[in-house]
Undergrad: 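Below are the structure tokens for one structure; questions will follow.
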Amino acid sequence: MKVTQQGNTVILEDVKHFNPKHIFECGQCFRWIKQEDDSYTGVAMGKVINVKQEGNKIYLDNTTKEDFENIWYDYFDLGRDYESMVNTLKVMDEYLEKATEFGEGIRILKQDGWEMLISFIISANNRIPMIQRAINNLSKNFGTYIGEYQGQEYYAFPTPEQLSKATVEEIRACSTGFRDKYIKSTSQTVNDENIDVLEYRKLPTDQCLKELLKFNGVGPKVADCIALFGMQKYDTFPVDVWVKRVMQEFYVDEDLSLTKIRKFGIEKFGDLAGFAQQYLFYYAREFGIGR
DNA sequence: GTACAGGACTCAC
DNA sequence: GTGAGTCCTGTA
């Protein structure tokens, strides 16, 4: 991979396994919006950045080489050998072969743990456009103003301190629905007890999940998602309706409980369970498998 | 108007 | 520790 900077654009050449559409639309993130030119503009790590792919070049606009090295290289998980990971998965069975081919270029973003905690509480019994709207409203109302980019104003995701100041009613007004009280309770707890959720990254997966499950509004599936997308715990296997459907279609009995499907996934895919889940989820959702 | 899509909590058992 | 009912919002 070659990295150069022109103005406020960082250009990456010859990056393998990087497909913006699949990265930003596979359900792992909520703040990346497709633009008219098929690029994606996102708010992450308190900054606004635009990602565009043309041929073998990736253009990261509104940033610097320094930020690329300090932030985006890790955020986009560019240090991982996706090639060998995908090679391991795709020979496991024909379904993963199809799913990895379909989701070619997915990368699991290393997102902020706190933001994932609240975002996935909102995701419970909810749909992606609604989740995006709620997060956007929370950021606009309680987060720090970042600035304008291509005619749009952008706000950072609120810190625990900022969010804990919001009332339940104000949170509800951001179209969070019945999850308002969970968001209130969780941000209150994190702020009042001065919890740094990023510390959970250092814990073994089971311990990390146990800590996450203590928060109001966090159940097994939401905890798995936070651990996978915000804490780099790749040996988890979040089971939502789509994963349940695809697993029942291809791997397990129709009447297996969510807990047992999760156990099956972790035992079968091991350290790569999180990646396998992402490919299977994306594949299942795009093709409506098991509906 | 009504049905439906989505996980966590609560309260049985 | 397992299962049914309830929570909210937007779309069809």
Side-chain angles (χ1 to χ4, degrees), chain A residues 25-31 33-34 111 113-141 163 166-190 195 197 200 206 208-231 233 236-249 252-267 273-274 277-278 280-291:
Chain A
E25 294 187 16
C26 71
Q28 64 176 323
C29 53
F30 305 108
R31 301 208 72 192
I33 307 296
K34 191 178 191 169
Q111 302 182 77
W114 155 249
E115 182 173 336
M116 293 303 100
L117 173 58
I118 300 300
S119 297
F120 280 97
I121 286 176
I122 298 171
S123 82
N125 218 21
N126 209 348
R127 303 162 115 150
I128 291 173
M130 285 302 300
I131 304 167
Q132 290 175 329
R133 182 188 298 183
I135 294 172
N136 207 37
N137 289 339
L138 287 175
S139 303
K140 199 176 274 179
N141 289 328
L163 196 53
T167 65
V168 177
E169 291 73 24
E170 286 172 327
I171 295 170
R172 173 70 75 107
C174 294
S175 49
T176 55
F178 59 84
R179 310 156 196 87
D180 54 358
K181 52 192 177 294
Y182 305 148
I183 297 168
K184 180 68 195 165
S185 152
T186 295
S187 49
Q188 197 88 267
T189 304
V190 170
I195 297 170
V197 296
Y200 298 165
D206 282 354
C208 177
L209 292 171
K210 216 170 169 181
E211 291 301 322
L212 291 171
L213 286 167
K214 289 181 187 168
F215 293 112
N216 205 346
V218 179
K221 187 268 176 182
V222 165
D224 276 334
C225 284
I226 301 163
L228 176 58
F229 303 126
M231 317 242 148
K233 301 300 177 195
T236 56
F237 197 74
V239 182
D240 66 351
V241 287
W242 288 107
V243 175
K244 177 172 182 273
R245 284 171 185 151
V246 73
M247 292 301 283
Q248 288 176 337
E249 184 89 7
V252 301
D253 286 343
E254 183 66 34
D255 58 353
L256 222 52
S257 69
L258 297 179
T259 319
K260 286 177 178 158
I261 295 174
R262 175 178 187 274
K263 189 163 177 275
F264 179 93
I266 290 173
E267 283 170 3
Q277 188 271 2
Q278 230 4 233
L280 290 169
F281 168 80
Y282 188 50
Y283 184 74
R285 204 193 55 189
E286 294 300 303
F287 287 100
I289 285 174
R291 292 201 60 190

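To find a chain, count down the sequence lines: A is the first, B the second, and so on, and within it residues start at 1.
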Undergrad: Take A:Arg31 and A:Ser119 through the test side chain to side chain donor-acceptor pair (under 3.5 Å) and record every step on the way to the result.
TA: CA-CA 10 Å; A:Arg31 301 208 72 192; A:Ser119 297; over 6 Å; no

Undergrad: Regarding A:Pro129, tell me which of base, sugar-phosphate or nothing describes its non-hydrogen contacts under 4.0 Å with the strands shown.
TA: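 If one applies the 4.0 Å heavy-atom cut-off, A:Pro129 turns out to touch nothing in the nucleic acid.
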
Undergrad: Nearest nucleotide by nearest heavy atom, which residue falls closer to the 5' end of DNA chain B, A:Gly219 or A:Arg291?
TA: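 Result of the comparison: A:Arg291.
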
Undergrad: Nearest of B:dG6, C:dC7, B:dA8 to any side-chain atom of A:Val222?
TA: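 Among the listed nucleotides, the one closest to the side chain of A:Val222 is B:dA8.
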
Undergrad: Considering only heavy atoms, which members of residues 239-248 of chain A lie under 4.0 Å from some atom of DNA chain B?
TA: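 Within this stretch, A:Asp240, A:Val241, A:Trp242, A:Arg245 sit under 4.0 Å of the strand.
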
Undergrad: Write down the distance between CD1 (A:Ile122) and C1' (B:dA8), rounded to a whole number of angstrom.
TA: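 To the nearest whole Å, that distance equals 14 Å.
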
Undergrad: Tell me the interatomic distance from A:Ile183, atom CD1, to B:dG7, atom P, rounded to whole angstroms.
TA: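 To the nearest whole Å, that distance equals 16 Å.
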
Undergrad: C:dT6 P sits how many Å from A:Arg179 CZ, rounded?
TA: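 Distance check: A:Arg179 CZ to C:dT6 P gives 18 Å.
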
Undergrad: Given atom NZ of A:Lys181 and atom P of C:dT6, what is their separation to the nearest angstrom?
TA: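 Rounded to whole Å, this separation is 15 Å.
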
Undergrad: Just say parallel, tilted or perpendicular for the rings of A:Tyr182 and A:Phe178, cut-offs at 30° and 60°.
TA: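 If you compare the ring of A:Tyr182 with that of A:Phe178, the planes turn out perpendicular.
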
Undergrad: Counting neighbours of NZ on A:Lys34 that are heavy atoms of other residues, nucleotides or ligands and sit closer than 6.0 Å, is the number greater than 12?
TA: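 Buried by this count: over 12 neighbours within 6.0 Å.
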
Undergrad: Is a side-chain donor or acceptor of A:Gln28 paired with a backbone partner of A:Gln111 at a separation under 3.5 angstrom?
TA: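 It does not hold such a pair.
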
Undergrad: For the pair made of CD1 in A:Ile261 and P in B:dG7, what is the distance, rounded to whole Å?
TA: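 Rounding to the nearest Å, CD1 of A:Ile261 and P of B:dG7 are 12 Å apart.
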
Undergrad: Heavy-atom contacts under 4.0 Å between residues 130-138 of chain A and DNA chain B, which residues?
TA: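 Nothing qualifies; none.
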
Undergrad: Select from A:Ser175 and A:Asn125 the residue whose nearest nucleotide in DNA chain C is closer to the 5' end of that strand.
TA: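 Its nearest nucleotide lies further toward 5', so the answer is A:Asn125.
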
Undergrad: Can you tell whether the side chains of A:Arg172 and A:Glu169 come within less than 4.0 Å, N to carboxylate O?
TA: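 Result for this pair is no, no salt bridge flagged.
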
Undergrad: Tell me: CZ of A:Phe281 to P of B:dG6, nearest whole Å?
TA: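 Answer to the nearest Å: 9 Å.
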
Undergrad: Rounded to whole Å, please give me the gap between CZ in A:Phe30 and C1' in B:dG6.
TA: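 Distance, rounded to whole Å: 12 Å.
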
Undergrad: Examine distances only and state if a side-chain atom of A:Lys184 and a backbone atom of A:Thr167 form a donor-acceptor pair shorter than 3.5 Å.
TA: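 Side chain of A:Lys184 to backbone of A:Thr167, a donor-acceptor pair under 3.5 Å: no, none is there.
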
Undergrad: Kindly say whether the aromatic ring centers of A:Phe30 and A:Phe120 come within a distance under 6.0 Å.
TA: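 Yes, the ring centres sit under 6.0 Å apart.
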
Undergrad: Strictly below 4.0 Å, N to O, side chains only: are A:Lys263 and A:Glu267 in salt-bridge contact?
TA: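 Counted as a salt bridge, because a side-chain N and a carboxylate O are separated by less than 4.0 Å.
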
Undergrad: From CG of A:Asn126 over to P of C:dT6, roughly how many Å is that when rounded to an integer?
TA: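 The answer, rounded to whole Å, is 20 Å.
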
Undergrad: Please determine which of A:Ile122, A:Asn137, A:Ile118, A:Ile183 meets the side chain to side chain contact (heavy atoms under 4.5 Å, CB included) test together with A:Ile171.
TA: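 The side chain to side chain contact (heavy atoms under 4.5 Å, CB included) with A:Ile171 is passed solely by A:Ile183 among A:Ile122, A:Asn137, A:Ile118, A:Ile183.
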
